[in-house]
Every structure is written in C-alpha cells, then in structure tokens.
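Below: the structure, in structure tokens.
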Amino acid sequence: MRAYERLLKYVKIHTTSDDGSTTVPSTKRQFDLAKILVEELHEIGVENAEVDDKCYVYASIPATAGYENKKTIGFIAHMDTAPDFNGENVNPVVVENYDGEDVVLGTSGRVIKVADFPHLKTLKGRTLIHTDGTTLLGADDKSGIAEIMTFAEEIINSNEPHGKICIGFTPDEEIGAGPDNFDVARFGADFAYTIDGGEESAVEYENFNAAAADVKFNGVNIHPGDAKNIMVNAALVAMEFNSLLPPTQTPSQTEGYEGFFHLLNMKGEVASAELSYIIRDHDADKFAEKKKVMEHAANIINQKYGDGTCELTIKDQYQNMLEMIKPHMFLIDYAFDALKEVGENPKAVAIRGGTDGARLSFMGLPCPNLGTGGYNFHGPMEHITAEGMDTVVRVIHGIVKKFAEE
C-alpha cells in the first residue's frame with residue numbers, strides 16, 4: 001500500500017483528544033486506532049508490536065546481520081487529532097491530477113483559495129487529498145503514522161541493510177500530553193525523529209518555549225441600581241486585563257520567530273470571569289519577559305480593584321528543543337542529505353508550536369521533527385498530497401541508510 005492509501009483508512013477512525021479530560025489517554029477512542037496499528041504491524045512482520053494500558057504503541061525492527069552495533073534510530077507519530085475542530089465522520093476527498101486552482105469543500109460553503117494559500121499552485125498535477133469542509137482531515141498526524149507504517153513494510157520486504165529501528169505511536173499530543181507516559185527506555189532508541197511537520201521539505205529542530213496561563217477574576221455583584229462605587233464587574237475587568245497585553249503580539253500579527261499571547265477561551269459574568277491563554281516564544285529571555293508582562297497586568301488589576309480580584313496561574317508546558325539538538329546536529333545533516341537525495345530542497349523551519357519531540361528531547365531522546373507533506377492542520381482547510389507522502393517515506397529510508405553507513 002502507498003502511504004496515502006493507509007491515510008484514507010486511518011482518518012476515518014475518530015481519535016480526537018480532549019483537553020478537559022482527566023483520564024489517560026484523554027479519550028478511549030484512541031485505542032481504536034492503536035489496536036489496528038498493532039494488528040497491521042504484526043501482519044507486516046513486526047511481531048513485538050504492542051499497545052500498553054495508556055495507549056502507547058511500541059514496536060521495533062531488528063537490525064540486519066552485521067549491523068547490530070549501529071546506533072538505534074526511532075520514528076514517532078501521534079494518533080490523536082486536534083480538538084480545535086470536528087474530527088468525527090471524516091470523509092476525505094481524493095482529487096487526481098489537481099489543477100492548482102481553488103478547492104471547493106463539498107457543500108460546506110468553504111473554499112481553500114489560492115489567494116489565501118499560494119502554495120496550492122505548487123501542488124498542480126499531484127493527487128490532492130482534502131476534507132468535505134465539515135471536519136478536519138486528520139493528516140496531523142495520521143499521515144505521519146501512514147508514512148512510518150509504509151516505510152516499515154517496505155524495509156522488512158527489502159534487502160536494505162539497517163540497524164535496529166524503533167517505532168512509537170503516542171496519544172494526546174494535541175493537548176500537550178503525548179510524552180507524559182512515554183517510556184523512553186522501553187522505546188529503545190538512541191535518537192529519533194517525529195514525523196509530525198508540514199511540507200515534506202521541512203526539517204524542524206527549534207520550537208516555541210510554551211506556557212499556559214489561566215486568569216480568574218472575582219467581581220462584586222449588586223443590583224445595578226445600587227451599584228455606584230460598589231460593583232466590580234468581573235467580565236469588564238477581564239476585558240481590561242486583556243487590553244493591558246501588547247496588542248501586536250497575537251498569532252494573527254506574528255510570524256517566524258516572533259512570539260505571542262493567544263487568548264483561547266473566555267467566559268464571564270458580573271460575579272466571576274475566566275480567561276485562558278497560551279504564551280509562546282522561541283527566545284528564552286523573551287519568553288520569560290512575556291510571563292512578567294502578564295504578571296504585571298495582574299498586579300495592575302489588583303492594585304486598582306483590590307487584592308484577590310485577579311488570580312493568575314502560569315504553568316510551563318515545554319521548552320525549545322534546540323539546546324538538546326545542538327550536540328547532535330548530525331541528525332539534521334542526515335535529514336538534509338536524505339531530502340537532497342530525493343530531489344527536495346531542504347529547509348530548516350522554526351516550529352510555531354510544539355511536538356512530542358520537544359519534550360522527548362529533554363527526556364534524553366534527541367528528537368527533531370520531519371515534515372509529513374501536509375498543510376493547514378487543525379481545521380477544514382487541511383490537505384495533503386499522495387506524492388508528498390511518498391517523498392517522506394523515501395526520506396525515512398534515506399535517514400536509516402545514513403545511520404547504517406556510519
């Protein structure tokens with residue numbers, strides 16, 4: 001099977017994670033895909049594949065004779081899809097010989113426009129896979145899974161020499177919990193790559209430093225006719241707090257290495273209100289400064305309306321993996337060389353987000369991220385091409401070859 005054929009099967013399995021859940025994994029439905037992957041691994045000859053009680057899939061392919069002492073390389077992808085948009089009842093649409101023009105997404109009224117996404121022109125002539133407009137596609141990261149599975153089947157059925165290869169599939173990456181229960185020792189690799197990025201030519205080894213900020217506002221409610229100098233409207237105070245943050249440091253006004261404050265959720269009334277943010281920056285000093293900006297805003301509110309009006313909780317989520325990858329830059333060199341060998345022009349991309357690999361790198365498993373060939377993740381505009389996925393499979397082969405030739 002080609003990688004995209006596997007993808008078409010996997011995206012129909014509902015695996016959306018839930019950031020409000022307290023279970024592990026956050027949704028039991030992720031086991032549905034995990035069990036299928038274990039069965040498929042068994043079928044292609046990976047006899048030791050198994051899923052544990054927390055929905056982590058572990059498997060390995062033994063080294064070929066004479067290559068047992070080579071460094072062990074691993075490949076990792078995640079099974080959940082983002083809770084940002086509907087991930088149930090996915091109906092992928094396959095367009096052969098795509099014409100490079102606007103893509104109408106079924107009867108949803110949504111259109112992927114070339115004016116908004118000019119890269120579409122570069123996909124002309126390929127087999128394009130997109131949504132019907134009512135769901136996300138789930139190429140993030142089921143395309144990565146499909147590419148690893150396809151690679152595994154191919155290398156088992158080939159005479160290609162290689163060291164030991166480890167395979168891992170994780171739950172709950174989209175809610176930042178993918179590495180929480182990942183057993184690095186059990187996985188067994190010296191180094192790894194996540195297959196969880198965008199276009200196939202991208203190699204990612206820098207990501208945001210990340211924190212979550214929850215802000216609670218306690219108001220004073222009284223009849224509005226008697227409210228003068230007494231009422232503290234928590235909903236209005238929450239709006240005032242947000243106005244104290246830099247207005248140009250939001251996702252819609254930043255790019256590249258520029259960080260941001262992102263308001264995710266808000267709810268409120270006179271008596272109480274809540275705001276939920278994420279804070280992001282590649283630079284550690286600027287990241288620390290952003291947290292101080294938020295703390296200063298909370299202090300201003302409390303000085304104005306009284307102590308306890310604003311309760312701020314900031315929780316660090318993950319760090320920039322760059323410092324853990326720098327001692328092992330051959331991982332990036334191997335990826336660049338493998339991309340060049342399949343005719344791609346590799347480029348280093350700073351991730352405006354995070355991956356399992358970011359945290360795994362700080363857990364002792366240096367783990368940069370490779371592209372999947374996909375675009376516009378987490379929403380109905382998500383799409384990918386069959387040819388891009390084929391390229392990623394060849395890149396994985398190329399990296400394994402580099403490790404075997406060490």
Side-chain angles (χ1 to χ4, degrees), residues 3-4 7 73-78 82 117-123 126 128-129 137-148 150-151 173-174 178 191-208 210 251 254-258 280 282 318 320-322 324-326 328-361 366-379 381-400 402:
Y4 89 92
L7 174 66
I73 181 64
F75 298 97
I76 300 168
H78 66 87
F117 306 106
H119 71 266
L120 288 168
K121 287 290 187 182
T122 69
L123 307 181
R126 296 190 181 190
L128 183 71
I129 304 162
L137 180 60
D140 179 13
D141 186 25
K142 292 171 182 174
S143 59
I145 294 173
E147 288 153 357
I148 293 170
T150 301
F151 156 77
E173 188 271 352
E174 296 291 2
F191 304 96
Y193 295 85
T194 49
I195 314 297
D196 189 24
E199 59 183 292
E200 56 268 28
S201 61
V203 181
E204 302 170 336
Y205 55 97
E206 296 181 77
N207 61 277
F208 277 140
T254 54
E255 62 182 353
Y257 285 91
E258 298 170 335
R280 300 289 190 264
H282 287 92
Y318 52 82
N320 190 341
M321 74 170 86
L322 177 61
M324 306 308 293
I325 300 300
K326 275 185 175 179
H328 311 287
M329 287 301 289
F330 71 89
L331 294 169
I332 310 307
D333 295 337
Y334 286 179
F336 267 56
D337 289 345
L339 281 160
K340 290 175 183 176
E341 288 172 2
V342 298
E344 290 291 325
N345 182 25
K347 55 186 177 182
V349 177
I351 310 172
R352 289 182 60 78
T355 69
D356 280 343
R359 285 180 58 195
L360 291 173
S361 293
C367 191
N369 190 41
L370 302 178
T372 61
Y375 301 86
N376 298 358
F377 295 149
H378 292 198
M381 307 297 185
E382 187 178 3
H383 55 277
I384 196 167
T385 67
E387 292 79 5
M389 295 184 70
D390 292 341
T391 295
V392 175
V393 174
R394 297 201 304 274
V395 169
I396 297 174
H397 278 283
I399 291 172
V400 169
K402 298 296 179 186

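Hydrogens, waters and symmetry mates play no part in the numbers below; they use all other heavy atoms, side chains included.
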Is the F191 ring parallel, tilted or perpendicular to the F330 ring (thresholds 30°, 60°)? perpendicular

Rounded to the nearest 0.5 Å, what separation is found between the CE atom of M389 and the OG1 atom of T150? 6.5 Å

What verdict does the side-chain contact (heavy atoms from CB on, under 4.5 Å) test give for T391 and E344, after you've listed the backbone C-alpha separation in whole Å, the side-chain angles of each residue and the deciding distance to 0.1 Å? CA-CA 9 Å; T391 295; E344 290 291 325; 3.8 Å; yes

Check R280 against A210 and note the closest heavy-atom contact, atom names and distance. NH1-CB, 3.2 Å

Passes side-chain contact (heavy atoms from CB on, under 4.5 Å), D140 versus H78? Steps please. CA-CA 8 Å; D140 179 13; H78 66 87; 3.0 Å; yes

Distance-only, no hydrogens or angles: does the T385 side chain make a donor-acceptor pair with backbone N or O of L128 under 3.5 Å? no

Minimum heavy-atom distance between T372 and G197, given as atom pair plus value: OG1-O, 2.8 Å

Would you say R126's side chain and A386's backbone share a donor-acceptor pair under 3.5 angstrom? no

Is D141 close to T355 at the side-chain level, that is, under 4.5 Å between some pair of heavy atoms? no

Nearest 0.5 Å, what's the CZ-NZ distance between F336 and K347? 10.5 Å

Taking the side chain as every heavy atom from C-beta outward, state whether M329 and Y205 have any atom pair closer than 4.5 Å. yes

Atom pair NE2/CG of H383 and N376 - distance to nearest 0.5 Å: 5.0 Å

I want to check something: taking the side chain as every heavy atom from C-beta on, are P366 and M324 in contact at a cut-off of under 4.5 Å? no

For the side chain of Y193 and the backbone of L331, is there at least one donor-acceptor N/O pair under 3.5 Å apart? yes

Working to the nearest 0.5 angstrom, can you tell me the gap between E206 CD and H282 NE2? 6.5 Å

Can you find a pair of side-chain heavy atoms, one from K402 and one from E341, that are under 4.5 Å apart? yes

Which pair of non-hydrogen atoms, one from E200 and one from L339, has the smallest distance, and what is that distance? O-CD2, 3.2 Å

If you round to the nearest 0.5 Å, how far is OG of S361 from CD1 of I325? 4.0 Å

Minimum side-chain heavy-atom gap H378-E174 below 4.5 Å: yes

Keeping the roles fixed (side chain from N320, backbone from N207), state whether a donor-acceptor pair exists under 3.5 Å. yes

Quick one: closest heavy-atom pair of S143 and I384, and the distance? CB-CD1, 3.5 Å

With heavy-atom distances below 4.5 Å as the criterion, would you say the side chains of E199 and V349 are in contact? no

Taking all non-hydrogen atoms of both residues, which atom of E204 and which atom of G198 are closest, and how far apart? OE2-N, 4.3 Å

Hey, would you say the F117 and Y375 ring centroids sit under 6.0 Å apart? no

Looking at A139, is its backbone amide N or carbonyl O close enough to the side chain of E382 to form a donor-acceptor pair, meaning the two atoms are under 3.5 Å apart? yes

Indicate the ring-plane relationship of H397 and F151, choosing parallel, tilted or perpendicular according to the 30° and 60° boundaries. perpendicular

For N369 and T194, run side chain to side chain donor-acceptor pair (under 3.5 Å): C-alpha distance rounded to whole Å, both residues' side-chain angles, the deciding distance at 0.1 Å, then the answer. CA-CA 5 Å; N369 190 41; T194 49; 2.7 Å; yes

Looking at side-chain heavy atoms only, is the closest gap between L370 and V392 below 4.5 Å? no

Considering non-hydrogen atoms only, spot the tightest contact between A192 and P368 and give its length. O-CD, 3.3 Å

d(D196 CG, I351 CD1) to nearest 0.5 Å is 8.0 Å

